[in-house]
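From a predicted model like this one, the values you see are computed outputs, not experimental measurements. When reading the values below, keep in mind they use all heavy atoms of this one structure, side chains included, and skip hydrogens, waters and symmetry mates.
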Amino acid sequence: MPADFYRPVEGGLQCTLCPFRCRLRDGDTGACKVRRREGDRVLTATRGTTVEHWSSVERKPFYHFRPGLPLLTLAPPGCSFRCDYCVNHRVSQYGRDPDSRVAPRDTDPEALVRTAAERGGGIALSYSEPSLAAELTLELGAHARTSGVPVVWKSNGFLTPEAVERVAPVLAAVNIDLKAAGEEEHRRLTGAPLAPVLETIRSMKAAGVWVEISTPLIPGTSAEDEQLARIAEFVAGLGPDTPWHLLRFTPTYRMHRQRPTSPERLGSAMRIGRDAGLRYVYVERALGAEGRATRCPGCGAEAVSRGVWGQAESRLRDGGCPACGERIAGVWNDVGANEGNRG
């Protein structure tokens, strides 16, 4: 399908979607492996999806955005990163890894939004890198605008500022992976610079998109205390109410010989986040229901509880603690879709 987000430059066309800003001669494929120049235009493979199924908003994970919301989840192929630990490498490494042999099928954005609206749900782009499907996101957003269907991303945040400016208005929420605290560590882990990711996070928040952050605890990089402390410091700088999700490392792909993150290590990482001043630090698995619970930062009462498969029970009252009434930052069902208290 024809792509957007490119411009003519001397000697070719330049893609303006991600910070690699690939210059494409006729027939060239970008570093992402899903955008290719053909004559005077650029084509993209990300108008299609490799996945179309329902899951809950908690599984992305979003813990402060409309608890229990069902999400029609899509996964256009490809990723701008090449992480050795990727659990979704068969989808994300499309065009880069010979073992990735997924076949994306065409999408009908209008029909997808209609399906989501009929179920009272939203649409998520996840598993691969949704920013490479900016064109599809804009189409979904155009149809969703009048139906109240939220569109959300689980993303690596690797976009150009001009791309963020165009897609942010159609996004209700983003969960962005912050995988390392320093440029060297981030490049070693992902093959890409860190600074654009930090800028995207700040820009999305400034644009009014609900932002949650995830950090996978990768052995040798983000699992180290010094890295976690610096990442937590950045997240706290966005605001102490910014939810921070700590993701347990699972041996897979090119890191299948490593050990999974221990519960003790995850507990220690949670304390690092709280010591940085963050009010909401979560571990989806390995620490039980307590790792998934939202507690009032004022009195400690449990305001939202969550099961391992995403089912949620919210006790919030008008977006506040059920015991003391203190405001809990988020976009909550009990105060209206997309109209809740934002941190």
Should L266 and V308 be counted in the same cluster of Ile, Leu, Val, Met, Phe, Trp and Tyr side chains packed under 4.5 Å apart? no
Looking at R21, I'd like to know if its CZ atom is crowded, meaning that more than 12 non-hydrogen atoms belonging to other residues, nucleotides or ligands lie closer than 6.0 Å. yes
Report yes if some heavy atom in the side chain of [X] is under 4.5 Å from a heavy atom in the side chain of [Y]; otherwise report no.
X: E129; Y: S155; value: yes
X: Y94; Y: C79; value: no
X: I231; Y: W244; value: yes

Checking Y282 now: which residues fulfil ring-ring contact (aromatic ring centres under 6.0 Å, His included) with it, not counting sequence neighbours? Y63, H64, H245
Going by ring-ring contact (aromatic ring centres under 6.0 Å, His included), name the residues that satisfy it together with Y253, two or more places apart in sequence or in a different chain. H89
Identify the two heavy atoms, one from C83 and one from T190, that lie closest to each other, and give their separation to 0.1 Å. SG-CG2, 3.8 Å
If you measure from the Lys or Arg side-chain nitrogens to the Asp or Glu carboxylate oxygens, is any gap between E184 and R187 under 4.0 Å? no
Decide, yes or no, whether a salt bridge links R166 with D4 under the criterion of side-chain N to carboxylate O below 4.0 Å. yes
Cation-aromatic face contact R254/Y85, 6.0 Å, 45 degrees: no
Does W332 have R327 sitting over its ring (NZ/CZ under 6.0 Å from centre, angle to axis within 45°)? no
Test side-chain hydrogen bond (donor to acceptor under 3.5 Å, both in side chains), reference E284, set R248, R59, R292, output is R59
